[in-house]
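This report concerns only the one structure given below.
Worth knowing before you read on, the calculation uses all heavy atoms, side chains too, and leaves out hydrogens, waters and symmetry mates.
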There are 2 protein chains.
Amino acid sequence: MDDGTGIRTNSGRRSPPSGPSPRTRPRGDQARARLLAAALQSFVANGFHGTGTRDIAEAAGMSPAAVYVHYSSKEELLFALSLAGHQEALDLVTGADEPHREPAQRLWSVVNAFCEWHAANHVNARLVQYELGSLTPEHAEVIAGVRRQISGTVRAILAEGVQAGVFQIRDLNLMVVALMSLSIDIARWYRSDGEWTPATIGRHHADIALSMVGLIDSAPENS
Amino acid sequence: MDDGTGIRTNSGRRSPPSGPSPRTRPRGDQARARLLAAALQSFVANGFHGTGTRDIAEAAGMSPAAVYVHYSSKEELLFALSLAGHQEALDLVTGADEPHREPAQRLWSVVNAFCEWHAANHVNARLVQYELGSLTPEHAEVIAGVRRQISGTVRAILAEGVQAGVFQIRDLNLMVVALMSLSIDIARWYRSDGEWTPATIGRHHADIALSMVGLIDSAPENS
DNA sequence: CCTACCGATCGGTAGG
DNA sequence: CCTACCGATCGGTAGG
């Protein structure tokens, strides 16, 4: 029923250690992917409680009962989506950070990547940021762990910048949440038909992040 | 039990033009207030779709049908709460702004007030910021108007600061949303048992807002 | 403001 | 992966 922390949950099934040429993906994977895509759209559009399992099944082109062939409950679908989204965000932040560079450059890169992700993937991001309340306590705790890793990365960069004397920060933890707010809230207001591209927002907000930690903006790249 | 954070909203009705001595409030007002308080708590805790009209009625100490004596639908309750919350936020921002002062002081006051409100009234604020999707299109448009007034106030201050040459802003509209994000996102993460008071957050974030528009922080008030 | 009730829909399961 | 169905609960109303 629940694999605890496993992403995607393939529910322990599939991938025999050395099965005979798994060239074609197990047929179920495709169905699961369709269910996840359908659930994501509907959860974001109507909320977890506003989405019926029949809505999901229909959007995935299956019968109402087919959902339960692949996921043991509606919440299990939410958890799979939430975990995958959080993992993606964490990987992105981790990948954007280059520990050998200067704190200012590290901060810029991480904020740039995080903001750009929230804009470009605002549908995923909305689920990630605003549907946590419908997870079971156990699943919520798993997600909380991933979230702590993300904010921990930001905190480490800030701490290093303070240590090096290049950042001026009054309250480190409060600065972490302020920087996270700048990024996360993009998921709430971003519209893909708006006046900015994800890349523009990423650069702009990363510049702003540097000014927030006391660095004068010395590189006016755009006119 | 708990009126949450004092909503009140006498919901437009009541007060006959010259009724005979309305010393005692119409009895219905008290019932409406209880329903609003109950609905607020439940909408925030479980979402609009996750809340049943029976949950609201029970928390207000009434029968399931009594809800419809005072509000014509569940959405009408949400709208009343959303409008009251938005009005309160607008009034607060308008009240905090002192147009005769310098742009920097105006910005500081407004961000300080807006942030403090989102922390102190985070229950109201969560409904205000995250339950808009369940409003009817007509009601959503009314709310959007109030929201435009709020962001318009911030925009006007930024424009004046740029005009006066004291703010350095690359993209005015993007700076508006960045400042709003800083405030609004507080509703998402704030916990009343956390390490900061609403006043602390307000001051800290207002200081940050000034640094975001290019002002050096020259008043280290706390050690 | 209540009891009693409406049709619709919910999440999930039986059995194949 | 489907048809058929379970009991529970939904928003809202009739009638008083």
Side-chain angles (χ1 to χ4, degrees), chain A residues 1-2 9-11 13-14 24-43 45-82 131 133-136 138-139, chain B residues 11 13-14 24-40 42-43 45-82 131 133-139:
Chain A
M1 167 191 304
D2 173 23
T9 68
N10 293 330
S11 62
R13 166 167 138 10
R14 156 179 125 83
T24 310
R25 283 190 142 198
R27 312 100 205 107
D29 275 19
Q30 202 191 107
R32 264 188 291 278
R34 269 186 293 142
L35 283 169
L36 287 170
L40 173 62
Q41 297 300 323
S42 194
F43 286 159
N46 308 114
F48 179 76
H49 292 292
T51 297
T53 55
R54 282 156 183 81
D55 301 330
I56 298 169
E58 188 180 13
M62 305 176 191
S63 76
V67 173
Y68 296 91
V69 173
H70 302 287
Y71 293 92
S72 63
S73 70
K74 193 172 71 159
E75 192 273 346
E76 202 73 47
L77 265 166
L78 175 65
F79 176 58
L81 287 166
S82 192
E131 299 294 335
S134 297
L135 292 167
T136 63
E138 294 74 25
H139 286 162
Chain B
S11 82
R13 178 163 134 7
R14 148 180 128 84
T24 311
R25 283 189 141 196
R27 310 105 209 104
D29 275 20
Q30 202 190 108
R32 264 188 290 280
R34 269 186 293 143
L35 283 169
L36 287 170
L40 173 61
S42 195
F43 286 159
N46 307 115
F48 179 75
H49 292 292
T51 297
T53 55
R54 284 156 181 81
D55 300 330
I56 298 170
E58 188 180 13
M62 304 175 192
S63 76
V67 173
Y68 295 91
V69 173
H70 302 286
Y71 293 91
S72 62
S73 70
K74 192 172 73 160
E75 192 272 346
E76 202 73 48
L77 264 167
L78 175 64
F79 176 58
L81 287 165
S82 192
E131 298 294 336
S134 297
L135 292 168
T136 63
E138 295 75 25
H139 285 163

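- In this structure, CG of B:Asp55 is placed 14 Å from C1' of C:dC10, rounded to the nearest angstrom.
- OP1 or OP2 of C:dG11 sits under 4.0 Å from a side-chain N or O of A:Thr53.
- Base pairing of C:dC6 is made with D:dG11, judged by Watson-Crick or G-U wobble geometry with both donor-acceptor distances under 3.5 Å.
- Here C:dC10 presents its C1' atom at 12 Å from CZ of A:Phe48, a figure rounded to the nearest Å.
- Taking atom OH on B:Tyr71 and atom P on D:dT13, their separation rounds to 17 Å, with Å as the unit.
- Note: CG (A:Asp29) to P (D:dC1) measures 11 Å, nearest angstrom.
- When distances are taken from the side chain of A:Lys74 to each of D:dG12, C:dG12, C:dT13, the shortest belongs to C:dG12.
- Using a 4.0 Å heavy-atom distance criterion, B:Ser73 is classed as a sugar-phosphate-only contact.
- Nearest to the side-chain atoms of B:Ala31 among the listed nucleotides C:dC1, D:dG12, D:dC1 stands C:dC1.
- Distance B:His49 NE2 to D:dG12 P: 11 Å, rounded to the nearest Å.
- OP1 or OP2 of C:dC1 lies within a sub-4.0 Å distance of a side-chain N or O belonging to B:His70.
- Distance from the side chain of B:Arg54 is smallest to D:dG12 among C:dA14, D:dG12, C:dG11.
- Closest to the side chain of A:Ala65, from the set D:dA14, C:dA14, C:dG11, is C:dA14.
- For the pair A:Leu35 CG and D:dC2 P, the computed distance is 10 Å after rounding to whole Å.
- Scanning both residues, B:Leu40 and B:Leu81, for their nearest heavy atoms gives N-CD1, 3.6 Å.
- Proximity of A:Val67 to A:Lys74: side-chain heavy atoms (C-beta onward) are nowhere separated by under 4.5 Å.
- Side chains of A:Phe48 and A:Leu135 form no contact here, defined as non-hydrogen atoms less than 4.5 Å apart.
- Using a 4.5 Å cut-off on side-chain heavy atoms (C-beta onward), B:His49 and B:Ser134 make contact.
- Taking every side-chain heavy atom of B:Ala66 into account, C:dC2 is the closest of C:dC10, C:dC2, C:dA14.
- Remark: C1' of C:dG15 and OH of A:Tyr68 are 17 Å apart, rounded to the nearest angstrom.
- Summarising the geometry, the separation between CD1 on A:Ile56 and P on C:dG11 is reported as 8 Å, rounded to the nearest angstrom.
- Nearest to the side chain of B:Met62, among C:dC1, D:dT13, C:dC10, sits C:dC1.
- B:Ala60 approaches B:Ala38 most closely through the heavy-atom pair N-CB, 4.0 Å.
- Using the Watson-Crick or G-U wobble rule with both distances under 3.5 Å, D:dG16 pairs with C:dC1.
- The side chain of B:Ser63 sits closest to C:dT3 out of C:dG11, C:dT3, D:dC1.
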